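Data block below; observations after.
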Number of protein chains: 2
Amino acid sequence: MHNLLSSLRIDINSSLYLKDPESSSLGINIVKSSIDLIDLYGIEEFNFKKLAKAIGSTESSIYRYFENKHRLLLYISSLYWGIVEFQTVVQTNNMPDGMEKLMKAVETLFSTPQTKCTSFEIEGQKLRHILNSEFVKAYHHKLVDEENEAGYFSIYKRLASRLSEMIVGVNPRYMYSNSLASLIMEGSLNQYFLSEHFHNLTDCHSKDNLYEFYKDLLTKTLTS
Amino acid sequence: MHNLLSSLRIDINSSLYLKDPESSSLGINIVKSSIDLIDLYGIEEFNFKKLAKAIGSTESSIYRYFENKHRLLLYISSLYWGIVEFQTVVQTNNMPDGMEKLMKAVETLFSTPQTKCTSFEIEGQKLRHILNSEFVKAYHHKLVDEENEAGYFSIYKRLASRLSEMIVGVNPRYMYSNSLASLIMEGSLNQYFLSEHFHNLTDCHSKDNLYEFYKDLLTKTLTS
DNA sequence: TTTAAAATGATAGTATTACTATTAACTTTG
DNA sequence: CAAAGTTAATAGTAATACTATCATTTTAAA
């Protein structure tokens with residue numbers, strides 16, 4: 001068996017970009033640098049002018065890769081969820097015990113993404129930080145239904161579906177596996193945001209704490 | 001005891017507006033109509049030009065009430081959470097049983113807000129719908145720390161704190177009451193959004209369903 | 001190695017947005 | 001009735017989010 005990690009490529013919906021950013025060094029720079037800048041400015045204050053300046057290129061060149069910054073954010077989001085999905089699958093593969101498997105998946109969800117499996121040299125922490133702050137804006141959007149139809153959220157939904165299946169694996173009689181899966185995924189971003197900006201709204205100020213909170217919640221919900 | 005409802009006024013942080021919209025019919029129209037338009041267009045496509053046109057006034061007049069549309073959204077959000085907090089307090093008042101009290105609060109959280117207790121004739125459903133879609137953008141914002149410092153989220157945080165206390169009332173040994181309270185409040189908006197736009201990501205497609213999901217979650221988490 | 005094709009850069013321009021400023025008209029209150 | 005306060009009308013500005021065009025550079029195929 002050859003090295004799965006090195007030959008793997010996260011398959012991002014091609015209608016998210018005009019030209020595949022992985023196909024050129026400019027494209028790679030666009031994605032890499034956009035992550036720095038979105039993290040720095042937030043998506044509202046981020047624009048292609050700033051990005052062009054940062055990579056020593058021009059706006060028009062960037063527009064050849066991405067239609068607009070919203071699509072770029074969706075691309076970055078897919079990249080994140082793709083990494084998380086990949087890690088989840090690898091880490092939980094062949095685990096016989098359902099509960100152990102689910103817990104491993106949850107732990108992965110709350111961990112820093114391993115960006116090595118991409119063409120981009122990205123800091124995992126930065127990528128996660130963007131998702132914590134900006135992902136909700138990627139889907140709380142007027143065009144969400146069209147974009148969903150176009151498959152822009154398919155990786156996210158697939159991961160939710162995997163989690164849901166794991167939940168059913170633990171307790172086949174549990175009636176809210178989809179809602180619970182979404183709740184955990186949403187929480188994996190939001191609880192970090194709360195910890196950073198609304199300290200008193202959460203009791204979890206570390207990855208371990210958070211993991212314990214959800215572990216407790218899931219164990220009790222699914223086994224009692 | 002005089003009528004609490006009729007004399008009550010939801011106390012919204014006065015630095016959210018330049019001139020109190022409740023102080024004039026123009027102000028009331030601004031808030032009323034903005035709810036219609038934000039619901040229709042979403043906050044990104046909504047602007048003061050459209051709002052001015054809708055109420056037969058001018059942009060400059062609106063700018064005398066609100067510094068910008070973001071502040072207006074924060075105002076509307078405070079109004080929503082103020083109503084929910086009020087209802088929660090009224091409904092759970094003097095309930096001796098902790099669990100019953102918490103469940104009542106959760107039920108209120110998932111209900112349509114009673115807008116009668118405001119100066120504005122607003123459709124509760126519309127107000128809730130805006131919150132479902134737009135509230136996350138009100139606080140996932142680059143200036144969130146300053147705005148939080150300025151007290152723009154104090155009603156939201158106070159309600160979270162009340163819920164947290166109720167949770168502790170049910171189980172004083174439970175260690176994550178704040179996180180759990182936030183999780184429920186967040187869920188009270190997000191799960192509706194999922195039901196509308198990502199049908200497969202949730203199992204709850206009615207208020208009752210949703211309420212049952214959280215009731216189950218809370219009962220098991222706090223009593224086992 | 002030439003040549004065509006593709007990618008990128010440079011520059012310019014447009015429509016819209018999010019305001020600010022000024023002055024005039026109207027309304028309310030003392 | 002006069003003064004003060006409120007609103008309307010109009011104009012203007014800086015920034016944003018693009019689009020278009022054409023020149024130049026890079027790459028890849030013959």
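Nothing here was measured: the structure is a model prediction, and the numbers come from that model. Chain letters run A, B, ... following the sequence lines, proteins first and then strands; every chain starts at 1.
A straight line from CD of A/Glu67 to C1' of D/dT19 spans 12 Å, rounded to a whole angstrom.
Counted by atom type alone, A/Ser34 and A/Tyr75 present zero donor-acceptor pairs between their side chains at under 3.5 Å.
A heavy atom closer than 4.0 Å to some atom of DNA chain C occurs in no member of residues 37-51 of chain A.
In the 5' to 3' direction, nucleotides of DNA chain C lying under 4.0 Å from heavy atoms of chain B begin and end at C/dT17 to C/dA21.
Residues that satisfy the side-chain contact (heavy atoms from CB on, under 4.5 Å) test with A/Thr88, not counting sequence neighbours, are A/Val84, A/Thr92, A/Ala105, A/Thr108, A/Leu159, A/Met166. The salt bridge (charged side-chain N to carboxylate O under 4.0 Å, His left out) test applied to A/Lys137 returns A/Glu44, A/Glu134, not counting sequence neighbours. Listed by chain and number, the residues in a side chain to side chain donor-acceptor pair (under 3.5 Å) with A/Ser161 amount to none (sequence neighbours excluded). Under the rule for a salt bridge (charged side-chain N to carboxylate O under 4.0 Å, His left out), the partners of A/Asp20 that lie at least two apart in sequence or sit in another chain are A/Arg9. The salt bridge (charged side-chain N to carboxylate O under 4.0 Å, His left out) search around B/Glu67 returns B/Arg71, not counting sequence neighbours. Shown here are the salt bridge (charged side-chain N to carboxylate O under 4.0 Å, His left out) partners of B/Arg128, two or more places apart in sequence or in another chain: there are none. In this structure A/Phe153 satisfies the ring-ring contact (aromatic ring centres under 6.0 Å, His included) test together with B/Phe198, sequence neighbours excluded.
Under the side chain to side chain donor-acceptor pair (under 3.5 Å) criterion, the residue pairs touching residues 51-62 of chain B are B/Thr58-B/Ser60, B/Thr58-B/Ser61, with sequence neighbours excluded. Screening residues 112-123 of chain B for side chain to side chain donor-acceptor pair (under 3.5 Å) gives B/Glu22-B/Ser119, B/Thr112-B/Gln125 as the qualifying pairs, with residues at least two apart or on separate chains.
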Quick test: give all pairs of protein nitrogen or oxygen and nucleotides 6-10 of chain D nitrogen or oxygen below 3.5 Å, distance rounded to 0.1 Å.
unit_1, atom_1, unit_2, atom_2, d
D/dT7, OP1, B/Tyr65, OH, 3.1
D/dT7, OP2, B/Tyr65, OH, 3.0
D/dA8, OP2, B/Ser57, OG, 2.4
D/dA8, OP2, B/Ser61, OG, 2.8
D/dA8, N6, B/Arg64, NH2, 3.2
D/dA9, N6, B/Ser60, OG, 3.3

